[in-house]
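Structure first, then comments.
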Amino acid sequence: MHDIKLVRANPAAFDAALARRGAPPAAAEALRLDDLRIEAIRITQAAQTTRNELSRQIGAAMKRGDTQEAERLKAEVKAAVDAAAAATPEVHEAARDAILAALPNVLDEAVPEGLDETANVVLHTHGAPANFAFTPKQHFELGEAFGMDFANAAKLAGTRFTILRGPLARLERALGQWMLNLHTEQHGYTEVSVPLLVNDATLYGTGQLPKFSEDSFRTTDGRWLIPTAEVPLTNLVRGEILAESALPMRLTALSACFRSEAGSAGRDTRGMLRQHQFQKVELVSICLPQDSEAEHERMTACAERVLTDLGLTWRRIVLSAGDTGFGAAKTYDLEVWLPGQQAWREISSCSNCRDFQARRMDARFRPAGGKGTEFLHTLNGSGVAVGRALIAVLETFQQADGSVLVPEVLRPWMGGVEMLHPG
RNA sequence: GGAGAGGUGGCGGAGUGGUCGAUCGCGUCGGUCUCGAAAACCGAAGUAGGUGCAAGCCUACCGUGGGUUCGAAUCCCACCCUCUCCGCCA
């Protein structure tokens, strides 16, 4: 949600910010509605002042038993009451906010220009795609031998679901547990167990509503399955006024994530790369405005640490203007190299949302020594997607005979097993 | 799911139709006192919107949304949440 005051202060700059994302100008219409709102407020408040004064007189008149005077005043107050009812500032405010709530965040100046992913910029690469002495298989080809089961998943739930059994089920659990411990024990994050079902206000707070309702699953009682733990974690501060001493607040959660849009693109139909349900370790930071840029770098480094410790090949890219998500001012994607697929694929996305979500959530802090309140900054990042990490591990550490080497850091979670053998 | 009770300012807790944005207590902040601290005493302090150069003035907000009324924290309706008991259950 944008600050109408900033729009008013510089409408041209606001429209220019939208143009970077390829969105049409909106300042003029928002300001027109805000003008109507202010005019209606003036009328309403003037009428209320009159009504309040006359009401006081009515009360005084009745107290001294002057019913005739009271009745006369009642007739007089009617005009003010009608005038207050006729002016509808809340209608104009709702119309204004409907526009503002559907507009994406203003981008960081450092975000590269461009309207799609072709304009993304690779910042650095860790490791290099390895040469295999054999033709590396894709994860679903490897997985079959380990009981990666798409047929039964389809029977139980439909397409875009996967069933894992035995060592792969354990490997998924190992990845999640290990990542969670890494972030809580070494990166200063606090583990949180969150609801997987949330209400409208929560989904609105992080920006999924009102514009992207079709991307999430809705329950029959009006709740939503979370598309990411970012939603419940970030909304923990919704409506709160925090003390500076509580910041930064670093939260992490391992959760299932549910995405209804996952199948609509018709891409990645084979395998478990793009699913309606997947596990993810999420990182969320709530911090002071002046700290969010550094926090963004820190958070991304925490996610990178996961990939490095697993022994994966990865690179960091900064998303272009047009590819940056709705609520983000700046986003780094981490892409992992998949030898079987011979491609870089997204495994983490770390975004600085600045005060965009905080405004929607009304999440503020009280500056130490200062007066009043200011909006917090919020950041979120995957640390990392567990399902995709599983894919990357399978494809990266596969052997010629179809067995898979277990990354050292995961072995304590795998009962000490060093090599997974099919069958 | 059934029955009952209740949601008021950071917390506790008054207030049941007429200057109530709200008595009071605790906590917080500033001051007096003190070598310093405690105690005591004095004082300050909600959020948002409108208006003004400013001091200030005005409006709204007592779980949320409606309604009744000249006037609602107070009455009515719906919803949300909390607590107690019963039932059910991992």
Side-chain angles (χ1 to χ4, degrees), chain A residues 1-9 30-101 193-205 209-210 218-224 232 235-247 249 255-256 355 358-376:
Chain A
M1 173 69 92
H2 297 280
D3 185 356
I4 189 66
K5 287 176 183 168
L6 293 180
V7 179
R8 193 171 284 284
L31 289 176
R32 186 185 73 80
L33 291 165
D34 197 51
D35 288 340
L36 291 174
R37 178 186 71 91
I38 290 173
E39 181 55 26
I41 283 176
R42 286 198 185 111
I43 293 170
T44 304
Q45 293 190 349
Q48 284 169 335
T49 304
T50 303
R51 182 205 64 193
N52 290 347
E53 176 51 35
L54 290 175
S55 289
R56 264 191 283 271
Q57 292 179 24
I58 291 171
M62 290 182 71
K63 215 164 220 170
R64 65 175 183 266
D66 190 347
T67 49
Q68 199 177 346
E69 173 67 0
E71 287 308 315
R72 191 189 67 74
L73 287 166
K74 280 189 192 180
E76 192 181 333
V77 80
K78 190 172 187 311
V81 171
D82 290 347
T88 53
E90 70 282 357
V91 170
H92 297 118
E93 183 172 352
R96 180 199 71 182
D97 289 348
I99 288 177
L100 293 178
S193 174
V194 296
L196 304 182
L197 289 171
V198 298
N199 57 27
D200 287 343
T202 301
L203 217 54
Y204 175 85
L209 290 181
R218 189 164 163 87
T219 63
T220 53
D221 69 348
R223 284 177 244 269
W224 302 84
N235 274 277
L236 283 173
V237 298
R238 192 176 85 224
E240 301 290 325
I241 300 176
L242 304 180
E244 251 196 65
S245 57
L247 305 170
M249 188 182 287
S255 85
D355 65 0
R359 287 182 184 284
R360 299 171 84 93
M361 296 189 298
D362 194 24
R364 293 165 290 165
F365 70 97
R366 216 177 283 285
K371 266 204 104 178
T373 60
E374 287 180 45
F375 288 109
L376 293 159

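These figures come from a predicted structure and were not determined experimentally.
- Contact between the side-chain N/O atoms of A/R364 and the OP1/OP2 oxygens of B/rU47 is not found at any separation under 4.0 Å.
- Base pairing of B/rG1 is made with B/rC86, judged by Watson-Crick or G-U wobble geometry with both donor-acceptor distances under 3.5 Å.
- A/T202 and A/N199 share a side-chain donor-acceptor pair at under 3.5 Å.
- The side-chain heavy atoms of A/L242 and A/R366, taken from C-beta on, include no pair separated by under 4.5 Å.
- If you take CD of A/Q48 and P of B/rC57, they are 18 Å apart, rounded to a whole angstrom.
- In this structure, A/I241 atom CD1 and B/rC61 atom P are separated by 19 Å, rounded to whole Å.
- Within 4.0 Å of A/N52, counting heavy atoms only, lie sugar-phosphate atoms of the nucleic acid but no base atom.
- The nearest whole Å value for the distance from the CE atom in A/M62 to the P atom in B/rU69 is 14 Å.
- The interatomic distance linking A/I38 (CD1) with B/rG52 (P) rounds to 10 Å, in whole Å.
- Between A/R42 and the phosphate of B/rU51, there is a side-chain N or O to OP1/OP2 separation shorter than 4.0 Å.
- Taking the P atom of each, B/rG4 and B/rU19 are spaced 34 Å apart, rounded to whole Å.
- Residue A/I41 is in sugar-phosphate contact alone, with no base atom involved, counting any heavy-atom pair closer than 4.0 Å across all strands shown.
- Protein atom CG of A/D362 is 9 Å distant from nucleotide atom C1' of B/rU47, rounded to whole Å.
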